[in-house]
Amino acid sequence: MSRIGVFVCHCGTNIAGTVDVARVAEAMKAEPGVVFATDYKYMCSEPGQQMVKDMIKEHKLDRIVICSCTPRMHENTFRKMLKDTDVNPYMLEIANIREQCSWVHTDKEKATEKAIALARMAVAKVGRDFPLFTSTIPIHKKALVIGGGIAGIQAALDIADAGYQVTLLEREPSIGGRMVMLDKTFPTLDCSACISTPKMVEVSAHPNIELRTSCELEDVSGYVGNFEVTIRQKARYVNHDICTGCGLCETKCPTKVISEFNQGMSERRAIYKSFAQAVPAKPVIDPDHCRKLQEGKCGVCQAVCPLKAINFEDKDTTFTDTYGAIIVSTGYQLIQWQDLYPEYGGGRFKDVISGLQFERLVNASGPTEGHILRPSDQTEPKDVVIVKCVGSRDPKKGKSYCSRACCMYAAKHAHQILEKIPDSNVYVFYMDVRTPGKGYEEFYDRTRKDGANYIRGRVAKIYKEGGRLICRGEDSLLGRQVTVEADLVILETAMVPADGIGEVVHKLGIAMDADGWVQEAHPKLRPVETQTAGVYLAGTCQGPKDIPDTVAQASAAAAKVCGLFSKSEMETSPMTSKVDQSKCCGCGHCEVCCPYKAITLVEIDDREGPKKIRRTVASVNSGLCQGCGCCAAACRTGAIDLLGFTNDQILREVDALCQ
Amino acid sequence: MSSIIEELQSTVKKLLEDGTVGYVIGWGATRFPDRTTPVFITRPEDAHKLVWNHYCVNGTAKYALDDRYPEKKIGIIIRGCDSRAVNRMIQDNQLKRENLYLIGIPCDGKENPVCEGCQHKNPLVYDVLIGTPVEEKINPDRFKEVAEFEKLSQDEKYEYWAKQYDKCIHCYACRNVCPACNCKECYADQYRVGWQGKQNNRNSNQVYGLTRAFHVGDRCIECGECERVCPMGLPIMRQTKKMLKDINDLFGDYECGLNDSRPHVLGEFDLQDRDEFM
Ligand SMILES: Cc1cc2nc3c(=O)[nH]c(=O)nc-3n(C[C@H](O)[C@H](O)[C@H](O)COP(=O)(O)OP(=O)(O)OC[C@H]3O[C@@H](n4cnc5c(N)ncnc54)[C@H](O)[C@@H]3O)c2cc1C
Ligand code: SF4
Ligand code: SF4
Ligand code: SF4
Ligand code: SF4
């Protein structure tokens, strides 16, 4: 017979104000198996815990029910407490009579009844608890960072500086992400390349960092501490071990291709470095445009390369490595506004550009060497309209969320135009101006003082008339239509997740939110972790943000990784799934629904009557299993049970509730 | 018809003679002209016992589950519905295709109401086909009955099923015949106090029937075997059809058992799937 102790917490007046805690304790004394029940002011406090420990000794308790706050709050506290006693830490149930009772009810009589019901359920369940034991797994102290934007760069540097090995994986030929495309950064207006390229160089020179560009994630298996990752190195056609990056090939290549880095406003060659300060500072061949690879003719680069580094036979290769932790920092891209906003010309007007195009236009190493010139005729615009929230805060056409950085970089753009073109007029169409950051409001204030005209309202239509762009919209403060003639229109468009994020998420067994951003484990308390242990998040892959927030998050993720790596092995939760192979029919429904790929089908020796047979059954890798319970719900025969939440235990709870 | 029977019998005879199969499951005659019975033909000289007529109603595929680890291939004579049953059990990892030799036979409908709405009269998979394919048609009324039933109020629906389960005698015939019910040990057979009552009363029958419906709802091949065998005439397919209707409404056209590739509709996870609920 079990010997259950029930401890009802007052939580000051948090619980006791609405629930008659003494009555709850009294009622529990009548429950089968309960040998002791009491109430106490703060169960989680030192004297509270001591009292529980004393009662365990005095009454020889073998299982415990604590009626208190949510188990998310103190289950671990009480498990730790039980480690000093003879009671197994998993012979513990928490009845949440605070969040699920006292906080949501006012009628004391009814709340007390409900608390009694919740406590009774916990007592019924604890009676079916059995001891569980944690095990330990070794930690492979090498981290993988996916995405080499500023987030990935910062995270890789922090981990490497702490003395651990890092692989930085980037699918483009160079690291740097969006930040190196920017001209200046708000609110301090320091040159973006000047502060990011030294970090890029540091990455390439760091002894603890293995830089892998033109690479993609191919496959991930394993679990925290021991991820087996296969990476695909895309063919570069240039042997980077030999190439010195002299750049001769680039000057001789006859094929011109639109430059992605300059946002379509200049050209590069088919053998190219994305930009002058690219890291690695060596070219690659773009196979879709290279004449030799497409048509079999040319090969000029190969002829001119003094070191014979060009290899047209280059093929994709894959390699596999083991990592203890993975950081996802795949960043963002801008929304394809052309498809969504035909009223802004849908991309037909050359002088309606995106904010990122403007960054390149205003940048000294950009297509116009920093002179703000209209893409259509290379003249200096006098009247410039900036439209904010294009695709953001627009659930009908774009995204319902705010892209967070645009208010500030719109102010930056206005400031830059007014500074570079002294007699210009800048009109900013806005819905709100959001400046919640250090020095942000001051920066916005300054831009207005510079002379930027802020007009509150959305632009309804942009059309062309006599070479100029007519922007019609509403000034919602004055409640009237406004029409502004412009030479150049800048659309500050929404950030959306990087292409291909779905595949990364799926391979890693983590989750996305409705907009495709990677889901954090808890928005407040675990913002850089994912639901999968050992996989962390940094930067804009988690949601729109500016550089300060991106870098802070990257360092936070790195700190998590270093924390994990500070130990050589880690405890695993014993609350994982377990298959009763005698019942399992091997249908594999659990296998497909497991989000962590923890279940595999295996063959076992069995008998069927006198016949020896090989039978397929499911098997759980407890290192991978996160205890989500999907499989247990999918299994029709009830062959899978989640330890700590077995079908039997849950049924007892339901039974107790229905009494 | 008679030439088809001859073709069927000679094919089976040959398969048994040359040892391709250990035995063949098909239909045989009974004392009654309007009844047939499933038969297991093990000797070539018994092949003439096979019949093929309007009364070949029993599903043949599920019997293979009694011999999951055969020494030789099992020969099964399959109609459209039986072929879907075979696919079902392969999808559910219960049979291996290489253990089966499928003798397909196009079917123009049997003495079974479910055949009226049949959309797959020709076997979807087979190793040899007897006769020639027949014309198939889409059944526009596939979910008509369910749609009508949906119009009732919750109370009316509850009352309806409660009465049905008063009739049910908890015999498990519906489960035993169902090709989607292919678990090694059915939850209903497990001894777990408070889990599933084995008594024959409204409550236990209801829990059994509705749980079974959920277990097979997204995998039901609409063969109608459950209804055919129910001695008490329960409209069991109404439950699975309701689930299939919902699946069709949510995910577009869907029928189970059209091929043998895994996974099935509710088990599938697509890269583009989003976790709005998290
Ligand atoms: C017009 C504009 C102006 C801005 N101005 C400012 C400013 O002045 N100040 C400021 O603080 N912020 C500014 N921002 C915001 C700033 O750009 C971001 O906060 C920052 O760049 C985010 O960095 P990140 O590393 O998260 O993402 P990214 O820079 O997008 O980096 C992600 C990297 O991951 C790589 N990647 C993506 N998918 C994969 C994959 N599957 N496998 C491998 N690699 C992958 C990408 O190629 C990229 O290199 C501006 C943004 C815009 C659009
Ligand atoms: S769902 Fe259940 S029966 Fe099917 S393989 Fe998994 S554990 Fe076995
Ligand atoms: S119709 Fe009935 S017997 Fe046939 S698969 Fe569906 S539930 Fe099973
Ligand atoms: S009722 Fe459920 S558990 Fe039983 S055989 Fe059918 S699917 Fe399997
Ligand atoms: S066959 Fe009919 S009577 Fe028998 S268990 Fe199924 S529903 Fe009940």
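Because the structure is a prediction, the values reported are computed rather than measured. Proteins get letters first, then strands, A, B, ... in listed order; numbering begins at 1 in each.
Taking every heavy atom of both residues into account, B:Cys183 and A:Thr637 meet most closely at CB-CG2, 3.3 Å. Contact detail for B:Tyr69 and A:Arg614: the closest heavy-atom pair is CE2-O, 3.3 Å.
Surrounding CZ of B:Arg97 are more than 12 heavy atoms belonging to other residues, nucleotides or ligands, all under 6.0 Å away. By the 6.0 Å contact criterion, CZ on B:Phe149 is enclosed, its count of non-hydrogen atoms from other residues, nucleotides or ligands being greater than 12. Annotation for A:Lys578: atom NZ does not count as buried by contact number, only 12 or fewer foreign heavy atoms lying within 6.0 Å. Remark: B:Glu71 CD is loosely packed, at most 12 non-hydrogen atoms of other residues, nucleotides or ligands lying under 6.0 Å away. At most 12 non-hydrogen atoms from other residues, nucleotides or ligands lie less than 6.0 angstrom from NZ of B:Lys96. Surrounding OH of B:Tyr126 are at most 12 heavy atoms belonging to other residues, nucleotides or ligands under 6.0 Å away.
Proximity of B:Lys184 to A:Lys583: side-chain heavy atoms (C-beta onward) are nowhere separated by under 4.5 Å. Using a 4.5 Å cut-off on side-chain heavy atoms (C-beta onward), B:Asp92 and A:His589 make contact. Between B:Gln94 and A:Cys587, the closest side-chain pair of non-hydrogen atoms falls below 4.5 Å. Between B:Thr211 and A:Arg636 the shortest side-chain heavy-atom distance does not fall below 4.5 Å.
Note that CG of A:Leu651 is 11.0 Å distant from CD of B:Gln196, once rounded to the nearest 0.5 Å.
Interface summary for chain B: among A:Arg652, A:Lys611, A:Glu608, A:Arg615, the most heavy-atom pairs under 4.5 angstrom belong to A:Arg615.
Between the side chain of B:Asn93 and the backbone N or O of A:Gly588 there is no donor-acceptor pair closer than 3.5 Å.
Residue contact with chain A, scored on non-hydrogen atoms closer than 4.5 Å, is absent for B:Asp218.
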